[in-house]
Number of protein chains: 2
Amino acid sequence: MIRLNRTTEYGLIALWHMSRKKSTHVNLLTTAREISDHYGLPFEITAKTLQRLKNADFIHSSHGAKGGYYLKKNLKDVSFADFLSLMEGGQSLVICTFPREHPEDGSCEYRDRCEIKSFMSSLNQRMVQFLANIRLSELEEFYSNNNGKDLSANIPVSLLVSQKEALKT
Amino acid sequence: MIRLNRTTEYGLIALWHMSRKKSTHVNLLTTAREISDHYGLPFEITAKTLQRLKNADFIHSSHGAKGGYYLKKNLKDVSFADFLSLMEGGQSLVICTFPREHPEDGSCEYRDRCEIKSFMSSLNQRMVQFLANIRLSELEEFYSNNNGKDLSANIPVSLLVSQKEALKT
DNA sequence: AATATATACGATAATATATGTCGTATATAG
DNA sequence: CTATATACGACATATATTATCGTATATATT
(Lines give C-alpha, C1' and ligand atoms only; values in the text may rest on other atoms or scores of the structure.)
Protein backbone atom coordinates (compact mmCIF):
# COMPACT_ATOMS: atom_id res chain seq x y z
CA MET A 1 0.00 0.00 0.00
CA ILE A 2 1.21 3.49 -0.78
CA ARG A 3 1.76 4.85 2.70
CA LEU A 4 3.81 7.71 4.10
CA ASN A 5 6.46 7.11 6.74
CA ARG A 6 5.71 8.21 10.26
CA THR A 7 8.62 10.64 10.12
CA THR A 8 6.93 12.29 7.15
CA GLU A 9 3.76 12.69 9.18
CA TYR A 10 5.72 14.05 12.13
CA GLY A 11 7.41 16.51 9.78
CA LEU A 12 4.08 17.69 8.40
CA ILE A 13 2.66 18.10 11.88
CA ALA A 14 5.75 20.07 12.90
CA LEU A 15 5.52 22.34 9.85
CA TRP A 16 1.80 22.80 10.40
CA HIS A 17 2.49 23.74 14.01
CA MET A 18 5.17 26.29 13.19
CA SER A 19 3.30 27.67 10.21
CA ARG A 20 0.15 28.23 12.21
CA LYS A 21 2.11 29.80 15.02
CA LYS A 22 3.70 32.18 12.54
CA SER A 23 0.28 33.09 11.15
CA THR A 24 -0.81 34.31 14.57
CA HIS A 25 1.93 36.95 14.38
CA VAL A 26 3.20 35.69 17.71
CA ASN A 27 6.55 34.65 16.34
CA LEU A 28 7.51 32.27 19.07
CA LEU A 29 10.26 29.73 18.91
CA THR A 30 9.12 26.14 18.96
CA THR A 31 11.06 23.39 20.72
CA ALA A 32 11.09 19.70 19.89
CA ARG A 33 9.70 19.05 23.36
CA GLU A 34 6.79 21.41 22.76
CA ILE A 35 5.75 19.55 19.61
CA SER A 36 6.25 16.06 20.99
CA ASP A 37 4.28 16.98 24.12
CA HIS A 38 1.52 18.81 22.29
CA TYR A 39 0.82 16.05 19.77
CA GLY A 40 1.98 13.07 21.82
CA LEU A 41 4.79 12.23 19.40
CA PRO A 42 7.98 10.43 20.47
CA PHE A 43 10.45 13.12 21.49
CA GLU A 44 13.64 11.69 19.94
CA ILE A 45 12.12 11.25 16.51
CA THR A 46 10.45 14.63 16.61
CA ALA A 47 13.82 16.18 17.46
CA LYS A 48 15.55 14.40 14.60
CA THR A 49 12.80 15.36 12.20
CA LEU A 50 13.27 19.00 13.16
CA GLN A 51 17.03 18.67 12.69
CA ARG A 52 16.36 17.28 9.25
CA LEU A 53 14.06 20.18 8.41
CA LYS A 54 16.74 22.52 9.69
CA ASN A 55 19.47 20.96 7.53
CA ALA A 56 17.19 21.42 4.52
CA ASP A 57 16.75 25.07 5.49
CA PHE A 58 13.00 24.72 6.00
CA ILE A 59 13.35 26.04 9.54
CA HIS A 60 15.87 28.01 11.57
CA SER A 61 17.36 26.72 14.81
CA SER A 62 18.98 28.34 17.81
CA HIS A 63 20.88 26.37 20.42
CA GLY A 64 20.83 26.33 24.18
CA ALA A 65 18.33 27.40 26.78
CA LYS A 66 15.50 29.42 25.19
CA GLY A 67 16.61 27.90 21.92
CA GLY A 68 14.28 26.31 19.42
CA TYR A 69 13.04 26.49 15.85
CA TYR A 70 10.90 28.70 13.68
CA LEU A 71 9.64 28.39 10.13
CA LYS A 72 12.03 29.92 7.62
CA LYS A 73 10.79 28.88 4.19
CA ASN A 74 7.55 30.10 2.70
CA LEU A 75 5.43 26.97 2.34
CA LYS A 76 4.15 28.35 -0.97
CA ASP A 77 7.62 27.66 -2.34
CA VAL A 78 7.71 24.02 -1.24
CA SER A 79 6.01 21.25 -3.17
CA PHE A 80 4.93 17.99 -1.63
CA ALA A 81 7.42 16.29 -3.96
CA ASP A 82 10.25 18.39 -2.47
CA PHE A 83 9.11 17.58 1.03
CA LEU A 84 8.83 13.85 0.30
CA SER A 85 12.27 13.85 -1.27
CA LEU A 86 13.65 15.30 1.93
CA MET A 87 11.81 12.96 4.27
CA GLU A 88 11.79 9.69 2.33
CA GLY A 89 14.04 10.16 -0.66
CA GLY A 90 13.00 10.94 -4.22
CA GLN A 91 9.90 9.44 -5.76
CA SER A 92 10.47 6.21 -7.58
CA LEU A 93 7.70 3.66 -8.00
CA VAL A 94 10.25 1.05 -9.06
CA ILE A 95 14.02 0.68 -8.77
CA CYS A 96 14.70 1.51 -12.41
CA THR A 97 12.99 4.91 -12.27
CA PHE A 98 15.58 6.28 -9.90
CA PRO A 99 18.90 6.34 -11.74
CA ARG A 100 20.44 8.90 -9.44
CA GLU A 101 20.48 6.55 -6.47
CA HIS A 102 21.21 3.55 -8.67
CA PRO A 103 23.61 4.72 -11.35
CA GLU A 104 24.58 1.20 -12.27
CA ASP A 105 22.37 -0.13 -15.01
CA GLY A 106 21.94 -3.50 -13.35
CA SER A 107 20.47 -2.31 -10.05
CA CYS A 108 17.24 -4.15 -10.81
CA GLU A 109 18.03 -7.80 -11.34
CA TYR A 110 15.16 -8.11 -13.83
CA ARG A 111 16.12 -5.08 -15.89
CA ASP A 112 17.49 -6.89 -18.93
CA ARG A 113 14.39 -8.91 -19.65
CA CYS A 114 11.81 -6.50 -18.22
CA GLU A 115 9.42 -5.10 -20.77
CA ILE A 116 7.37 -2.68 -18.72
CA LYS A 117 10.20 -0.21 -18.08
CA SER A 118 8.76 2.43 -20.40
CA PHE A 119 5.31 2.11 -18.90
CA MET A 120 6.72 2.42 -15.39
CA SER A 121 8.84 5.38 -16.40
CA SER A 122 5.81 7.17 -17.83
CA LEU A 123 3.74 6.38 -14.76
CA ASN A 124 6.47 7.54 -12.40
CA GLN A 125 6.92 10.78 -14.30
CA ARG A 126 3.23 11.60 -13.99
CA MET A 127 3.20 10.75 -10.29
CA VAL A 128 6.14 13.07 -9.63
CA GLN A 129 4.29 15.78 -11.55
CA PHE A 130 1.18 15.18 -9.47
CA LEU A 131 3.16 15.53 -6.24
CA ALA A 132 5.05 18.56 -7.54
CA ASN A 133 1.77 20.37 -8.16
CA ILE A 134 0.85 20.23 -4.50
CA ARG A 135 2.18 23.08 -2.35
CA LEU A 136 2.75 22.67 1.36
CA SER A 137 0.98 25.99 1.81
CA GLU A 138 -2.20 23.96 1.43
CA LEU A 139 -1.70 23.12 5.09
CA GLU A 140 -2.76 26.70 5.80
CA GLU A 141 -6.21 26.01 4.38
CA PHE A 142 -6.80 23.65 7.27
CA TYR A 143 -5.91 25.88 10.21
CA SER A 144 -9.58 25.82 11.17
CA ASN A 145 -9.17 22.17 12.15
CA ASN A 146 -7.52 23.34 15.28
CA ASN A 147 -10.96 23.87 16.75
CA GLY A 148 -9.81 26.86 18.71
CA LYS A 149 -7.09 25.03 20.62
CA ASP A 150 -4.39 27.36 21.84
CA LEU A 151 -1.03 26.20 20.57
CA SER A 152 0.79 28.17 23.23
CA ALA A 153 -1.25 26.55 26.01
CA ASN A 154 1.48 24.21 27.17
CA ILE A 155 4.45 26.41 26.45
CA PRO A 156 6.28 27.50 29.60
CA VAL A 157 6.39 31.26 30.05
CA SER A 158 10.17 31.11 29.94
CA LEU A 159 9.92 30.21 26.26
CA LEU A 160 7.89 33.25 25.27
CA VAL A 161 10.73 34.75 23.26
CA SER A 162 10.33 36.41 19.92
CA GLN A 163 12.19 35.37 16.80
CA LYS A 164 13.90 38.74 16.69
CA GLU A 165 15.39 38.10 20.05
CA ALA A 166 16.38 34.57 19.05
CA LEU A 167 18.16 35.92 16.01
CA LYS A 168 20.46 38.04 18.13
CA THR A 169 22.64 35.04 18.86
CA MET B 1 9.89 6.49 -0.67
CA ILE B 2 6.72 5.72 -2.55
CA ARG B 3 7.60 2.37 -4.08
CA LEU B 4 5.54 -0.49 -5.47
CA ASN B 5 5.83 -3.98 -4.06
CA ARG B 6 7.65 -6.56 -6.13
CA THR B 7 4.46 -8.62 -6.38
CA THR B 8 2.80 -5.61 -7.99
CA GLU B 9 5.59 -5.46 -10.55
CA TYR B 10 5.33 -9.18 -11.18
CA GLY B 11 1.60 -8.79 -11.65
CA LEU B 12 2.07 -5.99 -14.17
CA ILE B 13 4.64 -8.01 -16.07
CA ALA B 14 2.29 -10.99 -16.10
CA LEU B 15 -0.62 -8.89 -17.34
CA TRP B 16 1.59 -7.26 -19.96
CA HIS B 17 2.71 -10.69 -21.11
CA MET B 18 -0.78 -12.10 -21.42
CA SER B 19 -2.20 -8.93 -22.91
CA ARG B 20 0.45 -8.80 -25.61
CA LYS B 21 0.01 -12.46 -26.35
CA LYS B 22 -3.70 -11.89 -26.77
CA SER B 23 -3.03 -9.00 -29.13
CA THR B 24 -1.12 -11.29 -31.47
CA HIS B 25 -4.35 -13.23 -31.97
CA VAL B 26 -2.49 -16.37 -30.97
CA ASN B 27 -4.62 -16.98 -27.93
CA LEU B 28 -2.25 -19.25 -26.11
CA LEU B 29 -2.47 -20.23 -22.51
CA THR B 30 0.30 -18.90 -20.31
CA THR B 31 1.77 -20.87 -17.43
CA ALA B 32 3.40 -19.53 -14.29
CA ARG B 33 6.56 -21.36 -15.34
CA GLU B 34 6.55 -19.64 -18.73
CA ILE B 35 6.43 -16.19 -17.15
CA SER B 36 8.95 -16.91 -14.41
CA ASP B 37 11.36 -18.40 -16.94
CA HIS B 38 10.87 -15.71 -19.55
CA TYR B 39 11.43 -12.77 -17.22
CA GLY B 40 13.65 -14.50 -14.65
CA LEU B 41 11.10 -14.05 -11.87
CA PRO B 42 10.89 -16.39 -8.86
CA PHE B 43 8.49 -19.15 -9.80
CA GLU B 44 6.59 -19.52 -6.52
CA ILE B 45 5.76 -15.83 -6.26
CA THR B 46 4.83 -15.60 -9.91
CA ALA B 47 2.46 -18.53 -9.41
CA LYS B 48 0.85 -16.93 -6.38
CA THR B 49 0.52 -13.62 -8.17
CA LEU B 50 -1.32 -15.36 -11.01
CA GLN B 51 -3.58 -17.10 -8.51
CA ARG B 52 -4.36 -13.74 -7.02
CA LEU B 53 -5.17 -12.29 -10.43
CA LYS B 54 -7.35 -15.32 -11.05
CA ASN B 55 -9.28 -14.88 -7.80
CA ALA B 56 -9.93 -11.28 -8.78
CA ASP B 57 -11.23 -12.50 -12.14
CA PHE B 58 -8.56 -10.64 -14.10
CA ILE B 59 -7.50 -13.89 -15.75
CA HIS B 60 -8.93 -17.36 -16.31
CA SER B 61 -7.21 -20.52 -15.18
CA SER B 62 -7.39 -24.15 -16.22
CA HIS B 63 -5.88 -26.95 -14.17
CA GLY B 64 -3.71 -29.89 -15.04
CA ALA B 65 -1.38 -30.68 -17.87
CA LYS B 66 -1.80 -28.16 -20.71
CA GLY B 67 -3.44 -25.94 -18.16
CA GLY B 68 -2.57 -22.30 -17.63
CA TYR B 69 -3.97 -18.79 -17.69
CA TYR B 70 -5.24 -16.28 -20.18
CA LEU B 71 -6.36 -12.67 -19.86
CA LYS B 72 -10.05 -12.38 -19.16
CA LYS B 73 -10.69 -8.75 -18.28
CA ASN B 74 -10.37 -5.94 -20.76
CA LEU B 75 -7.53 -3.81 -19.41
CA LYS B 76 -9.48 -0.72 -20.49
CA ASP B 77 -11.88 -1.52 -17.68
CA VAL B 78 -9.21 -1.73 -14.98
CA SER B 79 -7.73 1.34 -13.33
CA PHE B 80 -4.33 1.38 -11.72
CA ALA B 81 -6.14 2.12 -8.44
CA ASP B 82 -8.15 -1.11 -8.82
CA PHE B 83 -5.01 -3.07 -9.59
CA LEU B 84 -3.11 -1.59 -6.65
CA SER B 85 -6.02 -2.34 -4.33
CA LEU B 86 -5.83 -5.96 -5.38
CA MET B 87 -2.07 -6.29 -5.09
CA GLU B 88 -1.27 -4.08 -2.10
CA GLY B 89 -4.57 -3.12 -0.54
CA GLY B 90 -6.43 0.15 -0.97
CA GLN B 91 -4.64 3.45 -1.22
CA SER B 92 -4.15 5.20 2.08
CA LEU B 93 -1.28 7.63 2.59
CA VAL B 94 -1.86 7.52 6.36
CA ILE B 95 -3.68 5.19 8.74
CA CYS B 96 -6.63 7.51 9.26
CA THR B 97 -7.51 7.70 5.56
CA PHE B 98 -8.48 4.06 5.44
CA PRO B 99 -11.52 3.60 7.70
CA ARG B 100 -12.60 0.39 6.01
CA GLU B 101 -9.57 -1.54 7.24
CA HIS B 102 -9.48 0.37 10.49
CA PRO B 103 -13.08 0.89 11.54
CA GLU B 104 -12.13 1.75 15.09
CA ASP B 105 -11.66 5.47 15.48
CA GLY B 106 -8.53 5.08 17.54
CA SER B 107 -6.49 3.07 15.07
CA CYS B 108 -3.95 5.89 14.86
CA GLU B 109 -2.57 6.57 18.29
CA TYR B 110 -2.14 10.26 17.45
CA ARG B 111 -5.63 10.73 16.06
CA ASP B 112 -7.11 12.72 18.93
CA ARG B 113 -4.54 15.48 18.92
CA CYS B 114 -3.61 15.37 15.24
CA GLU B 115 -4.47 18.51 13.31
CA ILE B 116 -3.51 17.59 9.79
CA LYS B 117 -6.23 14.96 9.30
CA SER B 118 -8.25 17.12 6.91
CA PHE B 119 -5.19 17.97 4.86
CA MET B 120 -4.20 14.31 4.64
CA SER B 121 -7.73 13.31 3.73
CA SER B 122 -7.81 15.84 0.91
CA LEU B 123 -4.41 14.75 -0.32
CA ASN B 124 -5.33 11.08 -0.20
CA GLN B 125 -8.54 11.69 -2.09
CA ARG B 126 -6.70 13.40 -4.91
CA MET B 127 -4.09 10.66 -5.07
CA VAL B 128 -6.76 7.98 -5.38
CA GLN B 129 -8.35 10.05 -8.16
CA PHE B 130 -4.99 10.30 -9.90
CA LEU B 131 -4.52 6.54 -9.76
CA ALA B 132 -8.11 5.88 -10.79
CA ASN B 133 -7.60 7.91 -13.96
CA ILE B 134 -4.88 5.57 -15.17
CA ARG B 135 -6.08 2.55 -17.15
CA LEU B 136 -4.06 -0.64 -17.31
CA SER B 137 -4.68 -0.62 -21.06
CA GLU B 138 -1.87 1.92 -21.15
CA LEU B 139 0.41 -1.10 -21.02
CA GLU B 140 -0.62 -1.75 -24.62
CA GLU B 141 0.97 1.50 -25.74
CA PHE B 142 4.32 0.02 -24.83
CA TYR B 143 4.21 -3.24 -26.74
CA SER B 144 6.95 -1.87 -28.99
CA ASN B 145 9.36 -2.17 -26.09
CA ASN B 146 9.54 -5.82 -26.74
CA ASN B 147 12.06 -5.10 -29.47
CA GLY B 148 10.80 -7.88 -31.61
CA LYS B 149 11.35 -10.61 -29.04
CA ASP B 150 9.10 -13.60 -29.61
CA LEU B 151 7.11 -14.31 -26.49
CA SER B 152 6.44 -17.86 -27.58
CA ALA B 153 10.13 -18.55 -28.09
CA ASN B 154 10.57 -20.55 -24.93
CA ILE B 155 7.16 -22.16 -24.80
CA PRO B 156 7.24 -25.92 -25.35
CA VAL B 157 5.22 -27.07 -28.33
CA SER B 158 3.06 -29.13 -26.01
CA LEU B 159 1.64 -25.88 -24.66
CA LEU B 160 0.53 -24.51 -28.00
CA VAL B 161 -3.14 -24.85 -27.13
CA SER B 162 -5.77 -22.30 -27.97
CA GLN B 163 -8.07 -20.70 -25.41
CA LYS B 164 -11.06 -22.27 -27.10
CA GLU B 165 -9.64 -25.67 -26.46
CA ALA B 166 -8.78 -24.74 -22.88
CA LEU B 167 -12.33 -23.60 -22.27
CA LYS B 168 -13.68 -27.09 -23.04
CA THR B 169 -12.83 -28.21 -19.53
C1' DA C 1 31.67 28.83 37.44
C1' DA C 2 27.74 25.80 37.83
C1' DT C 3 23.27 24.36 36.36
C1' DA C 4 19.37 23.70 33.40
C1' DT C 5 17.78 23.56 28.87
C1' DA C 6 18.05 22.67 24.14
C1' DT C 7 20.02 21.32 19.60
C1' DA C 8 23.14 17.75 17.04
C1' DC C 9 24.02 13.32 15.74
C1' DG C 10 26.03 8.63 15.54
C1' DA C 11 25.05 3.91 17.02
C1' DT C 12 22.10 0.38 18.00
C1' DA C 13 17.87 -2.15 19.36
C1' DA C 14 13.12 -3.43 18.48
C1' DT C 15 9.46 -4.00 15.44
C1' DA C 16 6.99 -4.50 11.24
C1' DT C 17 6.70 -5.51 6.51
C1' DA C 18 8.07 -7.54 2.35
C1' DT C 19 9.98 -11.24 0.00
C1' DG C 20 11.04 -15.85 -0.83
C1' DT C 21 10.71 -21.00 0.14
C1' DC C 22 8.67 -25.44 1.31
C1' DG C 23 5.28 -28.95 1.54
C1' DT C 24 1.11 -30.90 0.19
C1' DA C 25 -3.30 -31.27 -2.16
C1' DT C 26 -5.98 -31.31 -6.37
C1' DA C 27 -7.01 -31.37 -11.35
C1' DT C 28 -6.21 -32.98 -16.09
C1' DA C 29 -3.98 -34.74 -20.46
C1' DG C 30 -1.83 -38.49 -22.44
C1' DC D 1 -0.15 -44.28 -13.90
C1' DT D 2 2.76 -40.43 -14.81
C1' DA D 3 3.88 -35.80 -15.91
C1' DT D 4 2.38 -31.26 -15.60
C1' DA D 5 0.05 -27.52 -13.70
C1' DT D 6 -2.89 -24.79 -10.49
C1' DA D 7 -4.12 -23.92 -5.33
C1' DC D 8 -2.81 -22.61 -1.00
C1' DG D 9 -1.31 -22.71 3.85
C1' DA D 10 2.78 -22.45 6.77
C1' DC D 11 7.11 -20.94 7.56
C1' DA D 12 11.79 -18.73 6.94
C1' DT D 13 14.57 -14.97 5.50
C1' DA D 14 15.66 -10.38 4.31
C1' DT D 15 14.91 -5.58 4.42
C1' DA D 16 13.09 -1.33 6.06
C1' DT D 17 10.92 1.33 9.48
C1' DT D 18 10.53 3.01 13.94
C1' DA D 19 12.20 3.85 18.39
C1' DT D 20 15.81 4.33 21.92
C1' DC D 21 20.34 5.32 23.91
C1' DG D 22 24.50 7.77 24.71
C1' DT D 23 27.29 11.64 24.20
C1' DA D 24 28.74 16.19 22.59
C1' DT D 25 27.94 21.07 22.08
C1' DA D 26 25.73 25.65 22.65
C1' DT D 27 23.43 29.18 25.46
C1' DA D 28 20.69 31.59 29.15
C1' DT D 29 20.22 32.05 34.01
C1' DT D 30 21.71 32.16 38.63
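Naming convention: chains lettered A, B, ... in sequence-line order (proteins, then strands); numbering from 1 in each chain.
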Next on the checklist: By nearest atom, which of the nucleotides dA5(D), dA7(D), dA28(D) is closest to the Lys54(B) side chain?
Outcome noted: dA7(D)
Item to check | Nucleotide nearest His63(A) when distance is taken to its side chain, options dA19(D), dA29(C), dT27(D) | outcome: dT27(D)
Checklist outcome for this item: Sorted by position of nearest nucleotide on DNA chain D, 5' first, the leading residue of Gly64(A) and Ala65(B) is Ala65(B)
Next on the checklist: Whether Arg126(A) and Glu138(B) form a salt bridge (side-chain N of Lys/Arg under 4.0 Å from carboxylate O of Asp/Glu) is what I want to check.
Outcome noted: yes
Checklist entry - Between Tyr143(B) and Glu115(A), is a side chain to side chain donor-acceptor pair (under 3.5 Å) present by the stated rule, with each step listed? => result CA-CA 8 Å; Tyr143(B) 282 166; Glu115(A) 285 156 358; over 6 Å; no
Next on the checklist: I want to check one thing: is the phosphate of dT17(D), taken as OP1 and OP2, less than 4.0 Å away from some side-chain N or O of Tyr10(A)?
Outcome noted: no
Next on the checklist: So that I can tick it off, tell me whether Lys72(B) and Asp57(B) are bridged by a salt bridge, with the cut-off set at under 4.0 angstrom between side-chain N and carboxylate O.
Outcome noted: yes
Item to check | Interatomic distance, Glu9(B) CD vs dA18(C) P [rounded to whole Å] | outcome: 14 Å
Next on the checklist: With nearest nucleotide decided by heavy atoms, which residue, Gln51(A) or Phe43(B), maps closer to the 5′ end of DNA chain C?
Outcome noted: Gln51(A)
Checklist entry - To the side chain of Pro42(B), which of dT21(C), dT7(C), dT5(C) is closest? => result dT21(C)
Next on the checklist: Taking any heavy-atom pair under 4.0 Å as a contact, classify Ala32(B): base, sugar-phosphate, or nothing.
Outcome noted: sugar-phosphate
Next on the checklist: Between C1' on dA25(C) and CD on Glu44(B), what's the gap in Å once rounded to a whole number?
Outcome noted: 14 Å
Next on the checklist: Regarding Lys48(B), tell me which of base, sugar-phosphate or nothing describes its non-hydrogen contacts under 4.0 Å with the strands shown.
Outcome noted: base
Checklist entry - Phosphate oxygens OP1/OP2 of dC8(D): is one of them under 4.0 Å from a side-chain N or O of Asn55(B)? => result yes
Checklist entry - dG30(C) phosphate, OP1 or OP2: any side-chain N/O from Lys66(B) under 4.0 angstrom? => result yes
Next on the checklist: Of the listed nucleotides (dT18(D), dT7(C), dA5(D)), which one gets closest to any side-chain atom of Ser61(A)?
Outcome noted: dT7(C)
